[in-house]
Every structure is written in structure tokens, then in C-alpha cells.
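Since the structure is predicted, the reported quantities are computational estimates derived from the model, not experimental observations. Lettering of chains follows the sequences in order, A, B, ..., and the numbering in each one begins at 1.
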Number of protein chains: 2
Amino acid sequence: MHASPPINAVRPRSLAPRANTLVQHPVADDSLSQAMGLMGATITYARNSEIFGENEPAEYLYKVVSGSVRTYKILNDGRRQVGGFYLVGDIFGLEFADEHSLSAEAITDCKILVVKRNALNALAGRDASVAKQLLTLTGCELHRVQNRILLLIKNAQQRVAGFLLEMARRDSPGDVIELPMSRQDIADYLGLTVETVSRTLTSLECVAAIEVTTSRRIVLRNRSALSHLNG
Amino acid sequence: MHASPPINAVRPRSLAPRANTLVQHPVADDSLSQAMGLMGATITYARNSEIFGENEPAEYLYKVVSGSVRTYKILNDGRRQVGGFYLVGDIFGLEFADEHSLSAEAITDCKILVVKRNALNALAGRDASVAKQLLTLTGCELHRVQNRILLLIKNAQQRVAGFLLEMARRDSPGDVIELPMSRQDIADYLGLTVETVSRTLTSLECVAAIEVTTSRRIVLRNRSALSHLNG
DNA sequence: CGACCATTTGATATGGATCAAGCGATGTGG
DNA sequence: CCACATCGCTTGATCCATATCAAATGGTCG
């Protein structure tokens, strides 16, 4: 992965959203989410369709209602860096410049709640609790990114173990993880190659730390071993 | 760097700040900085002394008046990850949890403006422009961290080139960079070893991209070559 | 001047990338 | 409904960038 030649060809961009229907606001829990629900609209995106592109004006804030999303950036050498995965309930598209610094795509078919940033900022001006939540949200994002850095300086086993633990924490109450994303997505997220991710999973299975039921379903068999590997 | 055994011994912690004298506020330019200047006090830290430690309550926000600062985290395996370098004018110690997630140390003797977070938050509640600046600041920090991630997935030459360009941008008007930090600091920032950093600098010099006048002073001879290497 | 620490340089080892092939699942057209 | 094409995943063999180990050099401070 340290070499210059293009590795991951840019995938066939945006297969024209299958049916991006507009639907009216669902419900939410906290005041920010509530506000978003009231102010926004839900849009349906088909698998692999683009939600927004790098360098597009960042006019909206997004919340995953169903399905999952990846953000990414294509590097000069053609490689792709996945910025993050967003699952049900997660908010993405937070930007502080006027333009998006990453692109976002639907990993699976999904419904996304979309809110005008303007409207939200206006609300934040009036409602201190919303403003505070925005700041908190940003803080969380910062934390997430800082943790990514810690992941990226570890070895392959530690990265994969860390990834699995993170997904387990966010996604599933039990020990079964349903991965919406492909091995390539994971590889591009962790700064590894597909082959390495695959091999690492196999080796974790050999050590009885996990069980790869199907390629998209992984069962944690030994969290403490994983945590330990995670460093 | 992928191995488990401890590599960088934790350096002799906090040689008892030489003389942490308290002085009254210097001047600043924008409203946030002004506010900080009015509300805070300047503290002097000796080289290598600790400014705050991981897991300490994050009660203050800090601004570099003179000198330079590194934030870092010691990993379980004993390695050190440097989170960032802060030069004159930079603000650090932004946290969203109640505790610091990183430690901070003076790289050189330095003067730091210290402000109670409480006081600042209170002010932000009253003054919208201060609140906005705080959010902007956080946004910048987020950007910085995201760029770090992009750095970390590149090869050694690209990382070092990127680091030099960043330092040149932040630190110096011309092409001469005065590095306050050691090779070890740089290595721990870039996720490389000292040896690799040193070798890479030598190779950049061989290619006539830079000139290493003294170990702490580097002259950029060919920015475009560096930018190109940077990927 | 001498001790110590930072930096550089050299030799070797190794983890993950790369190249290549095989396998399993999924979907499509006949 | 099956044969085939395609795509995603796994496995194997080899290579290379960077880590690791070791030693020499240089710079700084008592």
C-alpha cells in the first residue's frame, strides 16, 4: 500500500440512484434529532449511489434512518481512503468549510434524513441546547478521528481487531456483527489491502477469537482476546 | 513499528518545571484571543515539562505565547504517538470529554496563556462570535486530524515531505524551517522510526529537494518536488 | 576535555503489499 | 431451472519498504 501505482480503480460512480423518493420526516429522540426530523426530509438512496461528492457545497447535514453509508476520498495515486462508516442513527456530513472534503455513498439501500445546514444554524442561534449538541457532535467526530489515528499506527491484526470491536460496540447488542460493507471498504478504512484483511480475519478465526459465519457475518468468540490483540 | 515490544522508553517525565512563573495577560488579535488574553494568565514552562497529563480533568484551554508544545499519548505497548505540534499563536487543549485524552509537554521553554474553560464557555453563551470561533477552532482541529490520517496511509517519503510542507506553511514565511522538535518527536508524529525519518531526510537532500543545514534547521530547495512527492 | 544525548549510517529481518490463481455466491440470459 | 458470467473473498508465492539491531559520528553541556 505504500507504492505509487494506482491500486483500487475508482468504482463505477453513482449508478443513478434507483429511486430517490422524497418522504416526510420520521421521529427522533433528542432535541437536535427532533429538530432535524421536523426540518428535514427523508431521501432514499440505492446501494452504491452517491449522497454527496467531494468539493460539492456542504449545504446539508445528514442522518442515517436506515441502511449504512461510507464517506471516502480518492487520493492522487488512485487509492481510496474511507473516512468512516455511518450506521442507523449516525449523523454525517459535518463540515466546517463550505465544501465537503469527502464524498459519501450508500453502502446498502438506505433512507437518509437531510436537513439544510442554514436552517440548523439558525436554530442553533436561537436554541442553546441545539448549539451545544452540535458542538458535542463535532467533539465526538474529533474523538472518532483521533482513534482512527491510533488504529493506523498499529499492525494489521490490531487494526482489524479494533475495527471489529468498534463495529460490535456501535452496531450490535450481542456478539454477532452484521457487516454492511465489503472487505475492500474495510481495507480502505484501515489502510490495508483486501488480502491482508482477509488473511487477518482467517488468522483471528484460527486463534478462536472470532468466527466468520458468512463473509458479512462475524461472531465475536473471545472479546478479551480481541481487546488484548487490539493493544 | 508494528511489533509489540516497547520501543521508545517513556522519557524522564516532567523534570519539575524550572520556574513556572505567573505573569499577566499579553495581547491578542481576534475576539476569542482577546477574551482569552483578558481572562487568562500566562505561565512559563521549562523544556520537557508537562503542561497537562492524560486523564487529568480538562479545566483549561491553552494558547502558545512563545515556544512550542507537543501533545502525545503513550500506547499500551510503550510506544508514543504524538498528537500534534503547537506553535506560537496556536490553541490547544480542546477537549469535549471532561478529561484530556492526550498529554501536553513543552518542547522548548515556553509561555502559555491559560484560560478556564468555564469562563470561556460562559462567555460563549453571551457572545455569539466567541461561540462561533470556538466551533470554527474545533472544525480546524478536525481538519488537521483528518489530514493526519491521509498522511499516515502514505509512504515514508510522502509523510516526511508532507510534514515539512506543513511546518513551512505554519511556521515560516520563507523557505527556512526551524524545527523545535527532535527527530524522535517527528517520528512519533508520523508513525515512523527515527532512523527512517533521518534516512528520508537524507534522501530528500540527495534529490536536492531540501537542505539540512543543521539538524534542527531545514531549507526547502524545491517545493514543487516536495509537493509532488507528497502525493 | 569528557560524558551524554541526538542524529546519521549500515546490515539484516519482517510484515504487509503485490502478483496470481482458485473458490464460492449471486445474478442473468437462454 | 440450469449454465455461465461476474463479483467478492480467500489462499498462495514472492517482493519490498520500513522496522530492528548495531555502531559510528556529531553536538552540547557540565
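Regarding Lys154(A), its NZ atom lies at a distance of 17 Å from the P atom of dA19(D), rounded to whole Å. When rounded to the nearest whole Å, the span between CG of Leu190(A) and P of dG15(C) equals 19 Å. When the P atom of dT7(C) is taken as reference, atom CG of Leu192(B) falls 15 Å away, rounded to whole Å. Regarding Glu195(A), its CD atom lies at a distance of 10 Å from the C1' atom of dA20(C), rounded to whole Å. One atom, CD1 of Ile153(A), and another, P of dG16(C), lie 13 Å apart when rounded to the nearest Å. Atom CG of Asn48(A) and atom C1' of dG8(D) are 13 Å apart (whole Å). Separating the CZ atom of Arg47(A) from the P atom of dT26(C) is a distance of 12 Å, rounded to the nearest angstrom. Atom-to-atom, CD1 of Ile186(B) to P of dA6(C) comes out at 13 Å; the value is rounded to the nearest Å.
For Ser198(A), whose side chain is taken as the heavy atoms from C-beta onward, the closest listed nucleotide among dG16(C), dC9(D), dA13(D) is dC9(D). Nearest to the side-chain atoms of Arg183(A) among the listed nucleotides dT11(D), dA11(C), dC9(D) stands dC9(D).
Ion pair Asp175(B)/Arg221(B) not flagged as a salt bridge, since none of the NZ, NE, NH1 or NH2 atoms sits closer than 4.0 Å to an Asp/Glu carboxylate oxygen. Of the charged side-chain nitrogens involved, at least one lies within less than 4.0 Å of a carboxylate oxygen, so that Glu54(B) and Lys73(B) count as a salt-bridged pair.
Checked by distance alone, Gln184(A) brings no side-chain donor or acceptor within 3.5 Å of a matching partner on the base of dC7(D). Judged by atom type and distance alone, Arg159(A) does not reach the base of dG16(C) through any side-chain donor-acceptor pair under 3.5 Å. For Arg199(A) against dT18(C), a side-chain-to-base donor-acceptor contact under 3.5 Å is present. A donor and an acceptor atom never sit less than 3.5 Å apart when one is taken from the side chain of Arg216(B) and the other from the base of dG27(D). Counting atom types as modelled, Arg79(B) pairs no side-chain N or O with a base atom of dT20(D) as donor and acceptor under 3.5 Å.
Note that CG of Asp90(A) is 9.5 Å distant from CG of Leu137(A), once rounded to the nearest 0.5 Å.
Judged by distance alone, with hydrogens and angles left aside, the side-chain atoms of Asn230(B) form no donor-acceptor pair with the main-chain N or O of Ser227(B) at under 3.5 Å. Proximity of a side-chain donor or acceptor of Asp188(B) to a complementary backbone N or O of Val82(B) within less than 3.5 Å is not detected.
Counting heavy atoms from C-beta outward, Tyr62(A) and Ile51(A) have side chains that approach closer than 4.5 Å.
Residues from residues 201-215 of chain A lying near DNA chain C, meaning a heavy-atom separation below 4.0 Å, are absent.
For the pair Thr193(A) and dG16(C), the criterion of a side-chain N or O lying under 4.0 Å from OP1 or OP2 is not met. The side chain of Thr196(A) places an N or O atom within less than 4.0 Å of a non-bridging phosphate oxygen (OP1 or OP2) of dA17(C).
Exactly one of Arg159(A), Arg144(A), Arg148(A) qualifies for a salt bridge (Lys or Arg N to Asp or Glu O under 4.0 Å) with Glu166(A). That residue is Arg144(A).
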